[in-house]
Amino acid sequence: MPEIIQINKNTWRFEDGFVRFFLLEGADKAVMIDSGMNCPNAIELAQKLTEKPVMLLNTHGDVDHTSGTAGFSKIYMHQLDYEGCGISQKFPGTSLAPVDDGDILELGGRSLKIIHIPGHTSGSLAILDVNNRVLYSGDSVQKGHIFMFGTQREPEKFGASLDKLIAEKSHYDFIYASHDEFCLPADYAQKVKLAWQKVCANEVPFEKTEMFGNTIRSYTTETCGFLLEDK
């Protein structure tokens, strides 16, 4: 059972162990951003908080963000992750409502802008809560270690994706992350970009470790960390 914390009168965060997800309510409908690692009843928890119809919008398709997917008939996410992360096979009763870069979801007095940011996964999304000036970054901006190994990862695209978030900085005041510290300042995407540049330039030491049957390189900086394949 996740801990549910109300951020303001129409926004909640769900602390599900090492991952978090969110519920955003508008005048007409609500959206759940991701559904956690251990929360198959996510839709039921949302319906206790809002009387509005609840949509599911996924930042990406990793297993720690999709535990409550079966409770929804339609999933708003990028097609690359719906297919590449096997969501259609894992949750056969669902259908895809594809969203892509620049799309706007209207909740009623609350607009959500979709930003496609491949890198952590091919179909990773950030979500800009336009009216409240908050960026929901998924896993791509955080203080923890960002996974960049395994299927669906596209590390060669990550820097350009961070640049897209940095270019939007005048439109948000805070970043809400899915892991580690909850609320980050608006300049944190820039800090992650600088850390990533140092890793790519071999300026950061690493430790080799085993994870999920892979030998990986674990990099740690003052800003965040990265987990990359050992090549």
Side-chain angles (χ1 to χ4, degrees), residues 2 14-24 31-46 54-103 105 112 114-127 136-142 144-158 160-161 164 177-180 209-218 225-231:
F14 297 72
E15 297 292 337
D16 186 20
F18 65 89
V19 66
R20 72 178 55 86
F21 55 103
F22 301 89
L23 179 66
L24 285 59
V31 66
M32 180 164 274
I33 298 179
D34 295 335
S35 60
M37 178 72 176
N38 303 292
C39 196
N41 64 331
I43 181 63
E44 298 172 11
L45 298 180
V54 182
M55 309 153 49
L56 176 63
L57 172 60
N58 266 102
T59 60
H60 60 293
D62 282 348
V63 295
D64 55 330
H65 295 258
T66 57
S67 68
T69 300
F72 298 83
S73 60
K74 185 182 293 185
I75 309 166
Y76 291 78
M77 69 186 306
H78 199 283
Q79 185 171 356
L80 289 174
D81 270 24
Y82 185 76
E83 296 172 353
C85 294
I87 302 300
S88 58
Q89 289 78 34
K90 294 174 185 174
F91 304 100
T94 65
S95 63
L96 172 66
V99 292
D100 205 346
D101 197 56
D103 288 350
L105 296 182
L112 304 182
I114 304 299
I115 306 171
H116 181 212
I117 49 169
H120 174 63
T121 64
S122 302
S124 281
L125 304 174
I127 298 147
Y136 293 81
S137 63
D139 284 10
S140 297
V141 178
Q142 57 168 294
H145 280 74
I146 301 170
F147 280 51
M148 285 294 181
F149 72 94
T151 59
Q152 283 296 100
R153 313 302 181 195
E154 295 187 330
E156 70 280 2
K157 297 181 179 180
F158 188 54
S161 292
K164 289 174 72 173
S178 295
H179 295 280
D180 207 276
T209 186
E210 297 291 322
M211 188 173 289
F212 307 130
N214 300 278
T215 301
I216 63 169
R217 296 182 180 187
S218 177
F226 301 97
L227 302 173
L228 280 74
E229 289 185 32
D230 183 41
K231 296 182 179 179

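Reckoned from all heavy atoms, side chains included, excluding hydrogens, waters and symmetry mates.
- For Ser178 (side chain) and Val19 (main-chain N/O), no donor-acceptor pair under 3.5 Å exists by modelled atom type.
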Return a table of donor-acceptor pairs under 3.5 angstrom between the side chains of residues 90-99 and protein atoms on other chains or two or more places apart.
from: Lys90; atom 1: NZ; to: Cys85; atom 2: O; distance (Å): 3.2
from: Thr94; atom 1: OG1; to: Phe91; atom 2: O; distance (Å): 2.7
from: Ser95; atom 1: OG; to: Ser73; atom 2: O; distance (Å): 3.4

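- Contact record, His179 with Phe18: ND1-O, 2.9 Å, taken as the closest heavy-atom pair.
- Annotation for Arg217 and Asp230: closest pair NE-OD1, 2.7 Å, computed over non-hydrogen atoms.
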**Study point:** Full working for side chain to side chain contact (heavy atoms under 4.5 Å, CB included) between Ser140 and Phe158
**Key:** CA-CA 8 Å; Ser140 297; Phe158 188 54; 4.0 Å; yes
Exercise for review: Show the numbers, then the answer: is there a side chain to side chain contact (heavy atoms under 4.5 Å, CB included) between Leu24 and Tyr136?
Suggested key: CA-CA 11 Å; Leu24 285 59; Tyr136 293 81; 3.6 Å; yes
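- With sequence neighbours left out, Asn214 forms a side chain to side chain contact (heavy atoms under 4.5 Å, CB included) with Phe149, Phe212, Ile216.
- A search for ring-ring contact (aromatic ring centres under 6.0 Å, His included) contacts involving Phe226 returns Trp196, not counting sequence neighbours.
- Considering only residues two or more places apart in sequence or on other chains, Arg153 meets the side chain to side chain contact (heavy atoms under 4.5 Å, CB included) condition with Asp62, His120, Thr121, Phe147, Pro155.
- Applying the salt bridge (charged side-chain N to carboxylate O under 4.0 Å, His left out) criterion to Glu154, with sequence neighbours excluded, gives Lys157.
- Minimum heavy-atom separation, Asp101 to Lys164: OD1-NZ, 3.1 Å.
- Looking at residues two or more places apart in sequence or on another chain, you find a side chain to side chain contact (heavy atoms under 4.5 Å, CB included) between Ala126 and Ile115, Ile117, Leu135, Leu165.
- Minimum interatomic distance between Gly68 and Ala42 (heavy atoms only, all atoms of both residues): CA-CB, 4.2 Å.
- Every residue meeting the side chain to side chain donor-acceptor pair (under 3.5 Å) condition with Asp34, not counting sequence neighbours, appears here in chain and number order: Asn58, Thr59, His65.
- Minimum heavy-atom separation, Asp81 to Gly61: OD2-N, 3.0 Å.
- In terms of the salt bridge (charged side-chain N to carboxylate O under 4.0 Å, His left out) criterion, Asp100 has no residue partners (sequence neighbours excluded).
- For His116, the ring-ring contact (aromatic ring centres under 6.0 Å, His included) criterion is met by His78, not counting sequence neighbours.
- The side chain to side chain donor-acceptor pair (under 3.5 Å) test applied to Glu83 returns Gln79, not counting sequence neighbours.
- Counting only distance, with no hydrogens or angles, the side chain of Asp16 and the backbone of Asn38 share a donor-acceptor pair below 3.5 Å.
- Here the straight-line distance linking atom CD of Gln152 with atom CG of Leu80 works out to 7.0 Å at 0.5 Å rounding.
- The salt bridge (Lys or Arg N to Asp or Glu O under 4.0 Å) contacts involving residues 66-77 comprise nothing, where partners must be two or more places apart or lie in separate chains.
- A pairwise comparison of heavy atoms in Ala177 and Val141 identifies CB-O, 3.5 Å as the closest pair.
- To the nearest 0.5 Å, atoms CD1 (Ile127) and CG (Leu57) are separated by 4.0 Å.
- Evaluation of the side chain to side chain donor-acceptor pair (under 3.5 Å) rule for Thr215 yields Glu210 as partners, not counting sequence neighbours.
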